[in-house]
Amino acid sequence: MKLLTVVGARPQFVKAGVVSRAIATHPKINEVVVHTGQHFDPNMSDIFFSQLQMPKPDFMLGIHGGTHGEMTGRMLADIERIIIDTQPDRLLVYGDTNSTLAGALAAAKLHVPVAHIEAGLRSFNMRMPEEINRILTDRVSDVLFCPTDAAVENLNNEGITDKVARILKTGDVMEDSARLFSEVSVVPDVAADLEGFVLATLHRAENTDDPARLAGVVAGLNCVHREIAPVILPVHPRTRQAIAKAGLALDVITMEPVGYLEMLGLLKKCAIVVTDSGGVQKEAFFFRKPCVTVRDQTEWVELVSIGANRLCPPEEGMILDAVRKASLSTVEDKEDLYGGGKAAGRIADFLAGK
Ligand code: UDP
């Protein structure tokens, strides 16, 4: 069986690492990988392939920048050509980026069946580009690998049931990855002598592209750093640009985006996580660290339900307050919430027809 996998952004490399590894144990599956180029900086792309021991992609499209339509359109045309040339039996996509949508759409139009990993997640905020990408990708997929019960329910509520597609609750592949690589994680020098620090990440367009929200988050992080505990922020390239453009000053400990093993090292050593990332919310939970999510909604609702994660508006006082409350909380040990590290194996077995 020839499987064409499309990846392109940092979180997809993390997810694909463990899934490709599981797929490689099935001699029946020949996986061919396309990297769209959506993320291209060495520390946003290459480092993940080397740290996660992934083979080099078979196709590198080098498509990045431009508007959403431009980027997605160019990917669509290139992936369509690759599908026609390679004639895969199935296409596999991850998550919710433009690369996900382009891959799914190109395949569906050519009647190549699509499997979607991390299907069914919803923020119910149609202003998020990710929400549009997820909904459309789920709609054209015939196999939907859902990480959580909430994801299955979201699909059912949209009329996507077992009658129209194969829906499998597999658990979350990011937990597999965190478990697999936790042992070899690395604490970056900057955090070597720090205890009780706050690990922050910030890159969602809803925060970086809105000057008032961005100013609120920057003020909040500066205030936490001054009044509660040191804040370490590996700065996403989009955020660095937005902060410079807005003339804002970050008074926290900043660094370039770190590799996955360094990120795991920081997650294990920190006391609290502040983020607007989807993946990092869960990783905080995997290492039982309280999390403050600076967004209006989250797709990972179960973490809010058990009190492990708090949603917080992008406002200085609210962020300070949420971090204070988080610092007094503990995270419940709920082993089964994301499948316990068995998701990639389940997905690979299904794809292999087992
Ligand atoms: N990550 C990383 N280095 C960083 C920031 C994040 O390795 O400097 C990892 C993080 O641990 C997670 C993934 O990148 O595994 C999440 O990606 P991101 O936050 O960019 O995307 P999202 O999950 O919000 O789609």
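Keep in mind the model is a prediction, meaning the values are calculated, not measured. Numbering starts at 1 and runs along the sequence shown. Counting convention: from 1, in listed order, for ligands and their atoms alike.
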Quick one: list whatever passes side-chain hydrogen bond (donor to acceptor under 3.5 Å, both in side chains) with D349, sequence neighbours left out. H26
Does any pair with a residue in residues 44-83 pass ring-ring contact (aromatic ring centres under 6.0 Å, His included), and if so which ones, sequence neighbours excluded? F13-F49, H35-F49, F40-H64
Residue from E153, E158, E299 passing salt bridge (Lys or Arg N to Asp or Glu O under 4.0 Å) with R122: E158
Heavy-atom distance under 4.5 Å between the side chains of V6 and T100, does that happen here? no
According to ring-ring contact (aromatic ring centres under 6.0 Å, His included), does anything in residues 207-249 pair up with another residue at least two apart or in another chain? List the pairs. H39-H236, H203-H236
Ligand 1: protein residues within heavy-atom distance under 4.0 Å: R10, P11, V14, F48, M174, H203, R204, P234, P257, V258, G259, Y260, M263, S277, G278, G279, V280, E283
Is it true that N309 and T293 share a donor-acceptor pair across their side chains at a distance under 3.5 Å? yes
